[in-house]
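Written out below as structure tokens is the structure these notes cover.
Just so it is clear, the values below take in all heavy atoms, side chains as well, and ignore hydrogens, waters and symmetry mates.
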Amino acid sequence: MAYNPIQLQQGISLPEFLQSFGTEAACCLLLAACCEAELRARWPEGFACPRCGGGAHCILFSLGRPLFQCHACRRQTSLTAGTLFGSTKLPLTTWFLAIYFISQAKTGLSALELKRHIGVSYPTAWLLHHKIMTAMAACEVQHRLSGAVQVDDAYLGGERAGGKPGRGTENKIPFVAAVSLNDAGNPRFAKLTPVVGFTREAIRTWARANLTPGASVLSDGLACFAAVTDAGCTHNFEVVGQRKPRELPQSL
Ligand SMILES: [Zn+2]
């Protein structure tokens with residue numbers, strides 16, 4: 001039977017995950033590596049105490065997590081304060097396992113299912129679920145597609161008898177479906193972004209927020225997608241099926 005090799009791409013299995021992050025020490029090691037990068041981003045000139053501004057400090061560990069203690073005023077600053085793991089009492093292994101289950105679930109994972117998987121109370125599972133999903137959404141919003149990017153117009157909504165089909169539909173939300181590709185032409189990142197409509201202005205705004213200048217955009221020739229050039233990207237189109245650019249609305 002023919003199969004799609006994209007669907008059989010290498011992932012990380014649960015045994016592999018547990019081997020890498022099944023202990024608190026292993027999770028701490030990863031957190032420490034992330035902390036080092038975060039440290040440079042947060043204090044590029046070196047640590048500065050948020051209370052007195054002093055730079056002299058020592059690093060203590062509480063529950064395996066780093067705390068910066070100012071020599072002058074003894075204020076303790078947690079590097080993870082304000083982050084996903086800030087002031088948590090849960091073991092990092094529980095957090096990591098929750099991140100694994102949520103990020104690997106192709107069709108989404110409910111808080112109730114998460115509770116059963118990781119063995120915590122429902123309120124705890126709900127909170128973990130909410131925090132992790134919020135962090136993923138924040139990361140998603142900031143990510144800009146780069147390199148080779150394919151875009152298309154798409155619509156989301158239920159059926160309604162008697163309405164107009166296609167782009168003229170009254171009860172569907174238009175959104176841009178975009179995916180960036182690696183050198184082998186395989187998909188890397190996908191973004192689905194609601195837009196007010198498929199106008200040049202809307203696509204210009206979308207491109208400036210979601211594409212890295214220099215990206216090479218390929219569309220099906222819908223006129224408004226030419227506006228990606230206003231965001232410093234190149235634009236090419238490939239007509240598929242029976243549709244031709246001259247048949248598409250040119251006034252958009
Ligand atoms: Zn201080």
Side-chain angles (χ1 to χ4, degrees), residues 6-43 47 50-51 59-69 75-145 156 173 175 177-180 187-194 209-210:
I6 297 295
Q7 292 179 320
L8 296 177
Q9 285 180 101
Q10 192 70 32
I12 178 168
S13 67
L14 185 56
E16 284 170 336
F17 176 82
L18 290 176
Q19 199 170 11
S20 300
F21 304 112
T23 65
E24 199 68 7
C27 295
C28 279
L29 268 181
L30 181 69
L31 189 60
C34 295
C35 282
E36 211 170 289
E38 173 76 9
L39 181 64
R40 282 194 296 273
R42 191 159 158 186
W43 294 302
F47 171 79
R51 182 188 285 161
I59 299 177
L60 310 171
F61 282 85
S62 168
L63 299 171
R65 292 162 206 166
L67 282 176
F68 293 76
Q69 181 167 291
R75 158 88 179 248
Q76 291 185 341
T77 307
S78 163
L79 198 58
T80 53
T83 71
L84 199 58
F85 307 114
S87 68
T88 184
K89 300 270 192 305
L90 283 174
L92 288 174
T93 47
T94 304
W95 273 97
F96 276 46
L97 204 51
I99 291 170
Y100 174 80
F101 281 124
I102 291 174
S103 61
Q104 296 293 302
K106 208 172 171 185
T107 52
L109 187 81
S110 70
L112 195 59
E113 212 173 346
L114 184 64
K115 164 197 176 312
R116 292 182 185 129
H117 282 327
I118 63 175
V120 297
S121 69
Y122 180 69
T124 300
W126 188 92
L127 197 65
L128 280 174
H129 188 267
H130 180 72
K131 284 189 170 185
I132 293 168
M133 295 290 282
T134 304
M136 286 169 73
C139 187
E140 182 82 2
V141 166
Q142 288 167 12
H143 184 81
R144 289 168 177 242
L145 300 178
L156 185 68
I173 304 293
F175 62 93
V179 60
S180 63
R188 296 196 68 222
F189 295 99
K191 289 198 91 170
L192 303 174
T193 318
N210 294 284

Closest contact, heavy atoms only, R144 versus A209: CG-O, 3.8 Å
Over 12 foreign heavy atoms within 6.0 Å of CZ, R188: no
Pairing residues for I12 by the side-chain contact (heavy atoms from CB on, under 4.5 Å) criterion, not counting sequence neighbours: E16, F17, Y100, Q104
Value rounded to 0.5 Å, distance of CZ in F101 from CD1 in I132: 11.5 Å
Partner set under side-chain hydrogen bond (donor to acceptor under 3.5 Å, both in side chains) for S110, not counting sequence neighbours: none
Heavy-atom check, side chain of L14 versus side chain of L97, under 4.5 Å: yes
Stepwise side-chain contact (heavy atoms from CB on, under 4.5 Å) test for F21 and T93: CA-CA 7 Å; F21 304 112; T93 47; over 6 Å; no
side-chain contact (heavy atoms from CB on, under 4.5 Å) evaluation trace for F175 with T193: CA-CA 5 Å; F175 62 93; T193 318; 5.7 Å; no
Spacing of CG belonging to L192 relative to CG belonging to N210, to within rounding of 0.5 Å: 10.5 Å
Other residues, nucleotides, ligands: >12 heavy atoms within 6.0 Å of Q19 CD: no
Flag side-chain contact, heavy atom, 4.5 Å: W126 against L114: no
Sub-4.5 Å side-chain heavy-atom contact between I99 and L128: no
Over all atoms of both residues, closest heavy-atom pair of A125 and A111: CB-O, 3.5 Å
Nearest-0.5 Å distance that lies between atom CE in M133 and atom CG in L109: 9.0 Å
Side chain proximity check, F189 to L145, heavy atoms < 4.5 angstrom: yes
Side chain to side chain donor-acceptor pair (under 3.5 Å): pairs with one or both residues in residues 133-143, sequence neighbours excluded: none
Where at least one partner belongs to residues 112-121, residue pairs that pass side chain to side chain donor-acceptor pair (under 3.5 Å), sequence neighbours excluded: S121-T124
Nearest heavy-atom neighbours spanning S20 and A26: O-CB, 3.2 Å
